[in-house]
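For ligands, and for the atoms within them, numbers begin at 1 and follow the listed sequence. When reading the values below, keep in mind they use all heavy atoms of this one structure, side chains included, and skip hydrogens, waters and symmetry mates.
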Amino acid sequence: MPPSTTALFLLLLLLSSFLSLSTPSSNNDNNPRTFIVQVQPDSKPSIFPTHKLWYESSLSSITTPTTTTSSILHTYETVFHGFSAKLSPTDAIRLQTLPHVLAVFPDRLRHLHTTRSPQFLGLKTTDSAGLLKESDFGSDLVIGVIDTGIWPERQSFHDRDLAPVPAKWRGACTSSPDFPSGSCNRKLIGARFFCDGYEATNGRMNQTTEFRSPRDSDGHGTHTASIAAGRYVFPASTLGYARGVAAGMAPKARLATYKVCWNAGCYDSDILAAFDAAVSDGVDVISLSVGGVVVPYYLDAIAIGSFGAMERGVFVSASAGNGGPGGLTVTNVAPWVTTVGAGTIDRDFPADVKLGNGKVISGVSVYGGPGLAPGKLYPIVYAGSSEGGGGDGYSSSLCLDGSLDPKLVGGKIVLCDRGINSRAAKGEVVKKAGGVGMILANGVFDGEGLVADCHVLPATAVGAAGGDEIRRYISAEAKAKSLPTATIVFRGTKVDVKPAPVVASFSARGPNPESPEILKPDVIAPGLNILAAWPDKVGPSGIPNDKRRTEFNILSGTSMACPHVSGLAALLKAAHPEWSPAAIRSALMTTAYTVDNRGETMLDESTGNASTVLDFGAGHVHPQKAMDPGLIYDLTAFDYMDFLCNSNYTLNNIRVVSRKTADCSGAKRAGHAGNLNYPSLSAVFQQYGKHKMSTHFIRTVTNVGDPNSVYKVTVKPPGGGIQVTVQPEKLVFRRVGQKLNFLVRVEAMAVKLASGGSSTKSGSIIWSDGKHTVTSPIVVTMQQPI
Ligand SMILES: *[C@@H]1O[C@H](CO)[C@@H](O)[C@H](O)[C@H]1NC(C)=O
Ligand SMILES: *[C@@H]1O[C@H](CO)[C@@H](O)[C@H](O)[C@H]1NC(C)=O
Ligand SMILES: *[C@@H]1O[C@H](CO)[C@@H](O)[C@H](O)[C@H]1NC(C)=O
């Protein structure tokens, strides 16, 4: 099949955008870079004994004499067919013209989306009928974590009382001097690393700063792996905070680590190799707390790798990203991926600022060293003022390295603004300049969301409004020619906090930038101030000079939310081995809740106002209910291909993602992209003039509850005069596994909107048999064309 001209055009477009980025005078335009190449799998001539030899021969047939080496970095054979190689852009275009080459796309750099949570989720070990018991704690299920590697010696990864490694396992434990062969056990059953793509761009890594092995020199991978499947460890805490038992979601599930993220980030060519290996090794779940910009699925290695995984029955959960609270920030949005946003749990680490005028401003911190003298007030200074930084206002307000004048800040508490350098790094800058404490204030974009950090000096974080109040106090005192003072009162760990959960400020939000017909994120899970295992290589603040060492650390991010769902998926799969990845996601979504522990709609941490479906998707996961959802919305690889047809992807684009030839004529008859049998519904109307608009959805539910059951529908309309009707209103099931269809019709009148503006309303469709409640959010978006 000849490469489609649109794909070639897109490639040229992408390349020209690369080229325009480089400096105009340079002749680097044709410098080799990494490309991922998809090849038609069944067309290998028999004279080549292996695919790799065939790929090498294809490469040498097109490379120009000026190209010295075009070495193959990875070959892919399970979730994708092809290879990655370092090539000049002109060679990449030439390669695209070979008849057996389906697609060539550039490598991309991704970044990490940087314990009380099992109890908060209602997972109690004493509950004999609970999900943990039913699933035997996830024993025999394997979770593959694609991340920064692992610190295998942590207690969270011990293998006491675990059965032998599951017979189906085909994985490996890659050893090296810093990851000896005994590093794996019956808990950590696989460990691999992928750095050829990384080194092709960055050169050989510096082995004094990172381990060229599955060992974790960052902490992120150890943390996420132990959230998904850490064993029970008691006592666990970080510097005295969050004391108690630490446990992952699926304490007996097996772990396999696939290290793809290095000091400079994670490359698509390595991520795709990790997907390929994980699926071929036999994992049941893939957990991926990594992301980047949203691109069409046929250019997105995470979307392509996940499709191949889904097809083999592997559940993929991915973090939504930390780009919140703005709209359209959600990433990892492919409909065959479960996209996870972050919420708070009912635990907090209050550390309040007390000003000289008696005002108290609430903050949070997990600073664990010697505190400030009790009852004593210290001089306070704003780093961005002339009394504080001395340097230029901007870099000193942010407490960037070298921006503070020790003569001005010595012996004082310093107020720094968030941004540019890491929160903990600012603490180190203040400490180096002789400050005694630090207050970290959010900017307007951060709003009121607070993240607790293991600072290297007494420090706390306050919201944007609190920061304004402190700055006002400091300048008022200065005007009155008196000395502004303050202290920080560390109040330890507080539990049963209300309200909880609250959608975390940073959690990335919908609408879905690539497929507005699919609501993303799918769900939220705990992602704020999560206690989990931590390596010895790094201090808890993550900054190089932090010499403290802790078995556990407290981190925040959708990176921490994603592995909660990965662990839950393993428990659900253990309890229901026949469930597809879509069935597992459906169970999590239709049983999710949207009210907090006060019984009111979950709040959005960034505003303090009620949150919406664009923030939390179907809601916050509820594991116990997900075990027995009653009905599920199932999906196969062919349904997703129909979705791609209806999203106007070309046959060649669809083939890049699915490795199959789609029949789009059939799919088009079936309707529109929103007709994918997804557990949430999203109608998008373009308003052309003032008139009535309507659309419909067909959904199919499968009975996984009681054989004889009758479900009745309740519609919570989205308001704004939008009508939602469901037919039939009653579904009568006679057996388990039976599928029944229903039709949802949405009718809306155009609303007054500015050019380019949009309005979103949401409601829900609830099926109930008196025992199960199966809830789907329905979102209606009106867009005014420009
Ligand atoms: C590796 O990193 C260390 C520590 O930053 C540095 O001292 C050393 O010079 C680096 N080595 C190379 C080869 O770049
Ligand atoms: C929060 O709610 C208040 C009161 O309804 C409203 O005035 C304000 O605009 C809302 N803030 C945001 C950011 O939506
Ligand atoms: C696909 O193209 C058709 C015809 O141009 C258009 O009506 C439809 O909205 C497009 N669908 C998507 C999802 O872009």
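Among residues two or more places apart in sequence or in another chain, the side chain to side chain donor-acceptor pair (under 3.5 Å) test is passed with Ser505 by none. Applying the side chain to side chain donor-acceptor pair (under 3.5 Å) rule to Thr222 yields the partners Asp216; only residues at least two apart in sequence or on another chain are considered. By the side chain to side chain donor-acceptor pair (under 3.5 Å) test, Arg110 pairs with Asp268, Asp300, sequence neighbours left out.
For ligand 1, the 4.0 Å heavy-atom shell takes in Asn206, Thr208, Thr209, ordered by chain and residue number.
Judged by a 6.0 Å distance limit and a 45° cone about the ring axis, Lys537 is positioned over the six-membered ring of Phe211. The cationic group of Arg215 lies under 6.0 Å from the six-membered ring centre of Trp151 and within 45° of the ring axis, placing it in a cation-pi geometry.
Residues Ala264 and Tyr198 approach most closely at N-OH, 3.3 Å, considering heavy atoms.
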